[in-house]
Amino acid sequence: MTSHAAPKMAEQQHGRVASAAQDDEDEAYEIVDLSTHARTQQWWSAVSGNNSGPIAEKYSVAAQIMMGGMTGWCAGYLFQRVGKIAATAVGGGFLLLQIANHSGYVQVDWKKVEKDVNTAKRRLKKKANKAAPEINTFIEEATEFVKKNIVVSSGFVGGFLLGLAS
């Protein structure tokens, strides 16, 4: 063996050792796709545990009531806040309109307003009759959902009422 051959053999052996070490490292670590993991794991799995079965029976009764109650409370609270803001805006606008009318700044043609309101009512009735099949389908689907998920639905209603009261 020549002096040049020895370093070359050592280099080849070192390359094989490095390659084997790299293969061991690749096997030691598992690559996890977080998007797939997030789709398969719900956030409440840590609280309620994983059960098998239909969606309505997948989680314990306590977990279903908790999920329904939390979402219901949030919806009720937002409904209350938005409702107050909307009522204040509409009432305040109407009050300002009345003050401006009585002060003489604005002249309101109430007959024209009544005529326009009646025209709008007729148009809405026509469109409501055309849209009735979609509304009926939605109501049937919602009723079926409530029947299948009565525990979650009752939690939602309770939470919604609590959200309105807070």
Side-chain angles (χ1 to χ4, degrees), residues 26-103 105-166:
D26 288 343
E27 291 176 14
Y29 298 106
E30 179 183 347
I31 298 173
V32 178
D33 183 12
L34 292 179
S35 63
T36 305
H37 180 71
R39 280 193 298 264
T40 59
Q41 297 291 326
Q42 287 82 17
W43 60 269
W44 58 81
S45 292
V47 175
S48 62
N50 290 327
N51 300 327
S52 62
I55 190 102
E57 298 170 1
K58 190 169 185 175
Y59 301 101
S60 68
V61 172
Q64 290 181 44
I65 291 174
M66 180 183 70
M67 288 183 287
M70 285 189 317
T71 56
W73 183 85
C74 291
Y77 186 78
L78 288 173
F79 188 79
Q80 175 201 28
R81 295 294 177 201
V82 170
K84 281 183 180 180
I85 291 169
T88 302
V90 170
F94 187 72
L95 180 67
L96 288 175
L97 181 64
Q98 288 297 324
I99 291 171
N101 185 29
H102 286 296
S103 300
Y105 290 109
V106 177
Q107 292 292 329
V108 179
D109 187 1
W110 290 108
K111 291 195 185 279
K112 183 170 172 43
V113 170
E114 184 179 1
K115 179 183 161 191
D116 289 344
V117 167
N118 288 334
T119 304
K121 278 185 195 177
R122 283 193 303 273
R123 287 183 185 167
L124 282 174
K125 268 188 180 178
K126 286 180 184 177
K127 288 188 180 189
N129 291 336
K130 290 179 184 176
E134 292 92 16
I135 293 172
N136 289 337
T137 303
F138 175 75
I139 291 172
E140 289 170 5
E141 288 175 0
T143 304
E144 189 66 27
F145 176 81
V146 169
K147 285 179 183 176
K148 285 183 179 178
N149 300 299
I150 191 70
V151 177
V152 174
S153 301
S154 61
F156 180 85
V157 169
F160 185 80
L161 293 175
L162 285 173
L164 282 177
S166 61

Kindly compute the distance separating [atom1] ([X]) from [atom2] ([Y]), expressed to the nearest 0.5 Å.
X: Ile99; Y: Phe94; atom1: CD1; atom2: CZ; answer: 11.0 Å
X: Ser154; Y: Asn149; atom1: OG; atom2: CG; answer: 10.0 Å
X: Lys84; Y: Thr88; atom1: NZ; atom2: OG1; answer: 8.5 Å
X: Glu141; Y: Glu144; atom1: CD; atom2: CD; answer: 9.5 Å

What are the two closest heavy atoms between [X] and [Y], and how far apart are they?
X: Phe156; Y: Ala75; value: CZ-CB, 4.0 Å
X: Tyr77; Y: Ser166; value: CD1-OG, 3.6 Å
X: Leu97; Y: Val106; value: CD1-CG1, 4.3 Å
X: Gln80; Y: Leu164; value: NE2-O, 3.3 Å

Discussion item. Measuring only between side-chain heavy atoms, which start at C-beta, is Thr71 closer than 4.5 Å to Met67?
Written reply: no

